[in-house]
2 protein chains.
Amino acid sequence: MKIERLSAKVEDYLETILRLSETPRGARTGDIAAALNVQPSTVSAALKSLTEQGLLNYEPYGVAELTPKGRHVAEEIAGRHVGLLRFFTDTLGLTPEESEVTACGMEHDVTPLVLDRIALLGEFLRSHPELNEKWRAVRSTAKGERPPGVESGLDELPPGVRGVVLSVDVGAALRKRLVEMGVTPGVLIAVERVAPLGDPIAVEVRGYRLSMRKAEAAKIRVKWRPGLI
Amino acid sequence: MKIERLSAKVEDYLETILRLSETPRGARTGDIAAALNVQPSTVSAALKSLTEQGLLNYEPYGVAELTPKGRHVAEEIAGRHVGLLRFFTDTLGLTPEESEVTACGMEHDVTPLVLDRIALLGEFLRSHPELNEKWRAVRSTAKGERPPGVESGLDELPPGVRGVVLSVDVGAALRKRLVEMGVTPGVLIAVERVAPLGDPIAVEVRGYRLSMRKAEAAKIRVKWRPGLI
DNA sequence: CAAGATTATTTGACCCTTCAAACATTAGCA
DNA sequence: TGCTAATGTTTGAAGGGTCAAATAATCTTG
Ligand SMILES: [Mn+2]
Ligand SMILES: [Mn+2]
Ligand SMILES: [Mn+2]
Ligand SMILES: [Mn+2]
């Protein structure tokens, strides 16, 4: 059995036919054309060629059916497609649309090993809930995410994400201490570390490090800033 | 300025020319052909076409030089190339060779947003040293990684990675308890959670959960197994 | 400087993918 | 059952990318 590298187009035809085969209508010329955004006449030609290559059973005006060989290839591609898709949506948090087109573009170049590692990384993050939460928070401050400028109390600013101080609604005593440390509206601030029970919180501002109670931090309003510290 | 989508091939020519431009020889037909694995006659044709598209200044028997427009595109592609490359080598831990060809294949489909997120994820992992270590450990047990079977004390088995017990060198009292729980050579074992200071360690074996001191765990030798739990 | 060697281009051809237009078949309905 | 609309195929043409062989320019060296 020859192992010749199939073109990206051929792979896309097979993947599409596989998907359509699973519908009651089966894989028909018109549906394939619509799915791949080409003219029906182009599909006719492709179907003929795929049949000659032993990947498909098709006769004019009929329904395309994958041969075992064709099905094998198609499932392979479909696997790469969903592997990448999952990474883009679940791990990177991208929209289904962007994930879809990017996955379908890249699926033709991804090797089994690369796919495997990508899946492993996704699993790794998901298997560490606290880390995954942190990553999601960081991600939510990234470019292209909406809403881009979340506002919250300083206590909810995820460690590792920068924030801009909006207001400081604390008592006079703490306020004095904070002002001395430079915690004033407009300044960049970050949470360094949160103790196991969420209290106290280590905060960094203008190069200083200070510690405060969670309840106090909650009274400092911040706006999240894109990017890591 | 028209924003027509350039073909992957054209992007590769531009990227290659950019790289070669930075060498003392400059970008010559033969060198481009060697880099892209095509015949010189093919390059001649491509160079002519690129020049007509205003991406290149080239005249027969000369040295190819990018126009501002061509340089802009080339730098864009080169950026995607290295962005992906870094992800594959640094974050996924793949070989330079595999990373190189995969990056060069995928670079034509990656959007700025996807690239950005990928870079952010890499930064995120690197900015959390303890997590990054854990990830590297998990990675090292994955398919395609060598050496595949690291051996260490149970205390060094990263949470989320399976291990096979090799030997149990503890005192009689603990040994009895462990044997009752099923911790015997050959059994699959995993570390569930490590307390903040690394002690005690929650271990899972044969469906049971038990807690032990780090010092004790160190005396249980294990061989790391591929894949997550 | 004048071969001869090296490097590059031109030419003619091929394959792949696509389209529009003309033609053929099939399906749905009266 | 037959007619029309919907669907599918054929044909002819184009563009992109590639190669081998023939041809041309440039470089190197005695
Ligand atoms: Mn695809
Ligand atoms: Mn796909
Ligand atoms: Mn490339
Ligand atoms: Mn590249």
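Annotation for Leu166(B) and Pro185(B): closest pair O-CB, 3.6 Å, computed over non-hydrogen atoms.
Counting to the nearest Å, the P atom of dT26(D) and the CD atom of Glu59(B) are 11 Å from each other. In this structure, CG of Leu47(A) is placed 11 Å from P of dT10(D), rounded to the nearest angstrom. Leu6(A) has its CG atom 18 Å from the P atom of dC15(C), to the nearest Å.
Between the side chain of Thr67(B) and the backbone N or O of Gly54(B) there is at least one donor-acceptor pair closer than 3.5 Å.
At the heavy-atom level, Ser7(B) lies under 4.0 Å from the strands shown only through sugar-phosphate atoms.
Nearest nucleotide to the side chain of Thr29(A), out of dG8(D), dT18(C), dT26(D): dG8(D). Listed nucleotides: dA20(D), dT9(D), dT18(D). Nearest to the side chain of Lys9(B): dT18(D). Of all nucleotides listed (dT26(D), dT9(D), dT7(D)), dT26(D) comes nearest to the side chain of Tyr61(B). For Ser44(A), whose side chain is taken as the heavy atoms from C-beta onward, the closest listed nucleotide among dG8(D), dG17(D), dA8(C) is dG8(D).
By the 6.0 Å contact criterion, CD on Glu75(A) is enclosed, its count of non-hydrogen atoms from other residues, nucleotides or ligands being greater than 12.
Map Ala45(A) and Gly62(B) each onto its nearest nucleotide of DNA chain C; the residue landing nearer the 5' end is Gly62(B). Each of Pro60(A) and Ala8(A) was matched to the nucleotide of DNA chain C holding its nearest heavy atom; the match closer to the 5' end belongs to Ala8(A).
In this structure, Tyr13(B) does not reach the dG16(D) phosphate: none of its side-chain N or O atoms is under 4.0 Å from OP1 or OP2. Note on Arg28(A): a side-chain N or O is less than 4.0 Å away from OP1 or OP2 of dG8(D). At the phosphate of dC19(C), OP1 or OP2 sits under 4.0 Å from a side-chain N or O atom of Thr42(A).
In the interface, the side chain of Ser41(B) is not paired with the base of dA8(C) through any donor and acceptor atom under 3.5 Å apart.
Under a 4.0 Å N-O distance rule, the pair Glu130(A)/Lys134(A) does not qualify as a salt bridge.
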